[in-house]
Protein chains: 2
Amino acid sequence: MSEDLNQRSQNILEAIVKDYISSAEPVGSRAISRKHALNLSPATVRNVMADLEEMGFLCSPHTSAGRVPTSKGFHYYIDSLLEVRDLSDSEKARLTSSYQFKGMRLEDALQEVGRVLSGISSYTGLVMAPRFSSTVFRQIEFLRLSHKRLLVIFVSKTGLVQNKVIESDVDWTPHQLENITNYLNQTLHGLTIQEIRNQLSDEIQQERARASELQQQAMKLSQAALNAEVEDNVYVSGTTRILEQPEFSSPELIKKIFQTLESKQQLIELLDQAQTADGVQIFIGSQSQHHAIEGCSLISSPFSGKKGAIGTLGVIGPMRMDYSQVIPIVDFTAQLVSRVLERESE
Amino acid sequence: MSEDLNQRSQNILEAIVKDYISSAEPVGSRAISRKHALNLSPATVRNVMADLEEMGFLCSPHTSAGRVPTSKGFHYYIDSLLEVRDLSDSEKARLTSSYQFKGMRLEDALQEVGRVLSGISSYTGLVMAPRFSSTVFRQIEFLRLSHKRLLVIFVSKTGLVQNKVIESDVDWTPHQLENITNYLNQTLHGLTIQEIRNQLSDEIQQERARASELQQQAMKLSQAALNAEVEDNVYVSGTTRILEQPEFSSPELIKKIFQTLESKQQLIELLDQAQTADGVQIFIGSQSQHHAIEGCSLISSPFSGKKGAIGTLGVIGPMRMDYSQVIPIVDFTAQLVSRVLERESE
DNA sequence: GTTAGCACTCGATGGTGATGAGTGCTAACA
DNA sequence: TGTTAGCACTCATCACCATCGAGTGCTAAC
């Protein structure tokens with residue numbers, strides 16, 4: 001945020017944002033001058049408000065309504081005015097005990113994280129499982145579905161199971177497949193899918209001359225098995241919770257939001273952006289090119305296991321979200337999930 | 001439907017339902033008497049309408065609006081008045097060519113079916129994958145996650161991959177696991193999970209005395225692996241399409257419907273009911289105890305592979321659905337999917 | 001049994017005026 | 001020069017009211 005605001009303007013902006021967060025309604029100068037101990041008359045507040053509107057932090061739905069913070073206003077509030085308190089130990093304990101991961105598949109555990117996030121924040125919970133390309137290889141199995149059609153099953157170090165169907169030029173015998181399987185399971189252990197891909201294409205180029213026909217085919221097979229993108233998993237929970245918010249009362253708006261939430265692709269793009277940085281990221285309104293979540297904010301944080309198996313989790317809610325509460329929850333949850341992932345992947 | 005209606009009443013009921021389906025608005029006596037070549041004056045139509053209302057086939061939102069069919073009215077219409085035409089060959093061809101299943105995993109294929117169903121019907125598509133207990137065993141793999149925690153992976157004959165984590169009392173060696181795996185893969189081939197469960201519990205009881213400690217443990221392990229219920233998969237597509245319908249304009253109603261669509265459990269119960277009978281089933285409004293889809297209708301049909309691996313697919317839309325179009329589509333799609341399933345599972 | 005006629009109901013539409021929250025502007029004040 | 005009181009103005013909201021018209025129920029005549 002480039003602009004500087006003097007202390008009084010900051011106080012008033014903060015007061016407006018806070019009032020708006022709790023009321024969901026435009027706030028007027030009187031309310032500010034009375035409730036918040038600023039000792040300023042409504043008229044003074046009005047002057048400041050006019051300035052803030054000029055600068056783009058506020059806007060008014062119409063002449064005689066109060067002011068509503070713009071996404072720029074929220075942004076300034078979060079960057080400069082909001083002090084995010086840490087969770088108390090008891091809150092941390094409560095959050096920790098919400099999760100009973102033991103004996104769960106990773107998929108189910110992540111889904112559960114989404115549910116809990118949605119439950120405690122009262123907004124919509126989002127969890128994106130670690131991208132396939134960044135997961136660490138543990139085991140591969142081939143299964144002959146018919147001649148030339150193979151089902152490939154991978155298991156990642158964290159216990160994520162992915163499968164897909166590939167077509168092969170060669171009609172492999174069970175014995176050949178077993179050999180290939182053993183070879184791959186030995187060689188690839190502990191590498192990420194991305195590393196494996198790079199390595200494979202290198203090897204194929206280098207060994208083209210030396211390798212036998214069969215070996216070359218085997219390499220091609222494993223390349224095919226690992227190359228094609230497997231759909232990344234996004235878990236969305238509590239979509240209807242977002243409807244409780246008064247600002248989402250118009251059917252058109254509801255439709256837009258649900259279309260976004262239904263399209264995994266859009267969510268993946270959104271969460272991918274959040275994944276690049278460390279720690280909690282906040283996307284406000286349409287600020288992020290993503291007109292998709294106009295009027296909404298996304299608070300998200302990446303989580304990771306030992307070897308860069310990165311996923312993202314977060315909460316989508318109205319722009320008017322209770323940031324001071326949701327931010328530490330998302331933050332701590334990401335740490336919690338990271339810790340569990342590290343423990344499990346040993 | 002027990003009641004009998006004379007020809008004229010039937011004609012008028014049919015006219016009202018048809019008008020209401022296309023307009024989504026209460027229909028009055030005048031419109032009926034004019035548009036449909038019944039040669040009856042509005043007054044006569046009114047008399048009949050009053051009778052129909054008395055009998056529960058119609059209701060009026062208020063005194064001076066027209067009449068709207070009740071769920072009983074729709075029911076009568078579908079049972080006695082609607083003649084469902086078969087799809088023309090070109091329509092069948094078009095539908096068939098919408099699907100490109102080859103090289104797809106079963107999960108993806110079913111998801112795709114939902115998408116297409118939703119697309120051509122303009123309502124919400126629903127597909128429930130074959131229940132785990134009725135799928136035919138093809139292969140099982142065990143993977144040691146940590147001491148005593150095992151990841152079990154099943155593959156069904158149709159290529160459906162399921163996995164889950166189980167805890168075992170014994171810390172198996174890789175060699176032991178391999179033996180168990182081989183044994184199970186040989187013995188269980190071609191049986192449904194349900195058959196396997198029955199067989200296993202029989203064997204455990206019978207062989208308790210004779211078998212060695214290790215054998216008993218192995219049996220227990222496989223029982224644990226196959227007993228616990230794996231979540232059944234429901235694919236929902238085009239949820240937002242239902243919002244296009246004029247009757248779903250109130251936020252409360254939208255919320256209710258989306259809550260139902262979000263809760264897989266409720267959908268499974270609903271689709272399970274539809275699965276018991278052969279062919280297309282129709283649930284109208286809240287008629288089916290399921291207040292969950294009040295105001296909606298569900299048109300569904302089971303599909304199956306060679307050996308009773310039964311799933312269900314269908315369409316959820318407003319009560320005022322275009323039944324004459326959707327019913328044959330659902331019917332034919334179910335046949336199509338069954339055919340593909342049978343071909344694939346050989 | 002059918003229909004024309006008619007009084008009646010009731011939602012939808014649109015105009016009017018009062019209300020009140022909130023603003024911008026100006027002039028006075030410290 | 002910054003702050004404030006005062007005041008005219010704007011505009012959404014609401015209640016009220018008259019009008020309109022689609023549609024009904026009832027009755028009497030055909």
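Keep in mind that what you see is a predicted model, and the values were worked out from it rather than measured. So you know, we letter chains A, B, ... as the sequences are listed, proteins then strands, and number each from 1.
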Quick one: Gln7(B) CD to dG1(C) P, roughly how many Å, whole number? 17 Å

Using a 3.5 Å limit on both pairing distances, list the dot-bracket string of DNA chain D from the 5' end; Watson-Crick and G-U wobble pairs count, crossing pairs take [ ], interstrand pairs take |. ||||||||||||||||||||||||||||||

Gln10(B) vs Glu14(B), side-chain contact (heavy atoms from CB on, under 4.5 Å): CA-CA, chis, key distance, verdict: CA-CA 6 Å; Gln10(B) 290 190 8; Glu14(B) 183 175 4; over 6 Å; no

Shortest non-hydrogen pair, Pro246(A) vs Arg320(A), comes out as CD-NH2, 3.8 Å

Leu5(A) side chain reached by Asp51(A) side chain, heavy atoms, under 4.5 Å: no

Minimum side-chain heavy-atom gap Thr312(B)-Gln281(B) below 4.5 Å: no

Please check if any side-chain donor atom of Ser9(A) sits under 3.5 Å from a side-chain acceptor atom of Asn6(A), or the reverse. yes

Rounded to whole angstrom units, what separation is found between the NZ atom of Lys35(A) and the P atom of dA21(C)? 14 Å

Below 4.0 Å: OP1/OP2 of dG22(C) and any side-chain N or O of Arg67(A): no

Describe the nucleic acid contact of Ser60(A) in one word from base, sugar-phosphate, nothing, applying a heavy-atom distance below 4.0 Å. nothing

Using the six-membered ring wherever Trp is involved, compare the ring planes of Phe74(B) and Tyr20(B) and label them parallel, tilted or perpendicular (cut-offs 30° and 60°). tilted

Base, sugar-phosphate, or nothing: which does Ala43(A) touch, judged by heavy atoms less than 4.0 Å apart? base

If you define the side chain from C-beta out and look only at heavy atoms, does anything of Tyr323(B) sit under 4.5 Å from Ile284(B)? yes

Shortest non-hydrogen separation from Arg30(B) to Pro42(B) and the atoms involved: CG-CG, 4.1 Å

Protein-nucleotide distance (Arg46(A), atom CZ; dG22(C), atom P), rounded to Å: 10 Å

Hey, where on DNA chain D does chain A first and last touch, going 5' to 3'? Cut-off is any atom under 4.0 Å from a heavy atom. dT3(D) to dA12(D)

Starting from the 5' end of DNA chain D, give me the residue, Ser64(B) or Asn47(B), whose nearest nucleotide shows up first. Ser64(B)

Ranking His62(B) and Pro42(B) by the position along DNA chain C of their nearest nucleotide, the one closer to 5' is Pro42(B)

When every non-hydrogen atom of Cys296(B) is compared with those of Ile257(B), the smallest separation belongs to SG-CD1, 3.9 Å

Using a 4.0 Å heavy-atom cut-off, does Thr63(A) contact any base of the nucleic acid, only the sugar-phosphate backbone, or nothing at all? sugar-phosphate

